[in-house]
2 protein chains.
Amino acid sequence: MPKHRQSLTLNLLQAREVAMSFFRPSLKDIGLTEQQWRVVRILSQQGELEINRLADLACILKPSMTGVLARMETAELVERRRSEHDQRRVLVKLTAAGERCFESMSGRMEENYERLQERYGAEKLQTLLVLLNELKTLKR
Amino acid sequence: MPKHRQSLTLNLLQAREVAMSFFRPSLKDIGLTEQQWRVVRILSQQGELEINRLADLACILKPSMTGVLARMETAELVERRRSEHDQRRVLVKLTAAGERCFESMSGRMEENYERLQERYGAEKLQTLLVLLNELKTLKR
DNA sequence: AAAAATCAGTTAGCATGTTAATTATCTTAT
DNA sequence: ATAAGATAATTAACATGCTAACTGATTTTT
């Protein structure tokens, strides 16, 4: 038995770094940070969301999200409004420009994904995604 | 066919968040950040390392590592010295206090790992680690 | 050997991670 | 109806992520 087993969390981090290397160049080209792209992608799929939910889905803490959204609002990628029913809540959605940003990038990101899948293996990729989702079910 | 497949990188991030939730409380108790613990753990296993190598293993960029090590040096967890052969290189190792820090934490971290493994499944955990390591081989 | 290129680490500047405290709003208990 | 409690978001303060530029030391080129 090994004295030190390998760290799951470090391996998840290192593996993610490798995966990100397939996508980072494209993000750099359009001047979006990883976090901003996550927000664009999620809002594109889910439509208008409140900040709590968006932060949870994007793995961005709420205090960080405040700044991320402020900069994206300046860049006119998203717009915020307060909910009528509950004045505490803030709802966020993509602007038309934000939608176009996603559309113009999605093809290229798909190509990057294909490159990764080709080198890694489609079945292995599917298995990995299943295992990751099962790990996520341990939340709370 | 789904219009939007799920994002591998986001799933890796979300899964890591769940995994970290098993360890964060322990880190908080001793006042170490995630990054500092990674440095302690790696130096404990590998002994003295140069900064480039340490940064690569710990998934911490060199500019960040400068600050991390400065704070850990102030806390007297690590010590730095320049290599005799190559004055550009800086070598880092744990102090005696740093070693004790690791020793006093490793048991508890191991318990956390057991809890995770018990809930997730030992075989699944092994499979996941294998798949992650295979993904890491795509580096470069 | 001297200049140019390379390399290790740091510094600088801004974006984000993280926790605690704060503000404004809403809900619940009395 | 009002005060206490809970909730959503922000602010503040410091640590880290990230890129580019910079410094000093080593290697390569000419």
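A, B, ... follow the sequence lines: proteins, then strands. Residue 1 opens every chain.
- Across C/dC26, C/dA8, C/dT16, the shortest atom-to-atom separation from the side chain of A/Gln35 is found for C/dT16.
- When the side-chain nitrogen and oxygen atoms of A/Asn52 are compared with OP1 and OP2 of D/dA9, one or more of them lie within a distance under 4.0 Å.
- Looking at heavy-atom distances under 4.0 Å, A/Arg24 makes contact with sugar-phosphate atoms alone, never a base.
- Rounded to the nearest 0.5 Å, atoms CG (B/Leu77) and OG1 (B/Thr95) are 6.0 Å apart.
- Among the nucleotides D/dT7, D/dG17, C/dA15, the one closest to the side chain of A/Arg71 is C/dA15.
- Counting non-hydrogen atoms under 4.0 angstrom, A/Arg82 reaches nothing in the nucleic acid.
- Nucleic acid contact for B/Leu61: base, since at least one base atom lies under 4.0 Å from a heavy atom of the residue.
- Between A/Arg89 atom CZ and C/dC26 atom C1' the separation is 9 Å, expressed in whole Å.
- Within the 4.0 angstrom heavy-atom criterion, only backbone atoms of the sugar-phosphate kind lie near B/Thr33; the bases stay farther away.
- Using a 4.0 Å heavy-atom cutoff across all strands shown, B/Gln36 reaches sugar-phosphate atoms only and no base atom.
- Within 4.0 Å (heavy atoms only), A/Arg53 reaches no atom of the nucleic acid at all.
- Of all heavy-atom pairs between A/Ile42 and B/Leu10, the closest is CD1-CD2, 4.2 Å.
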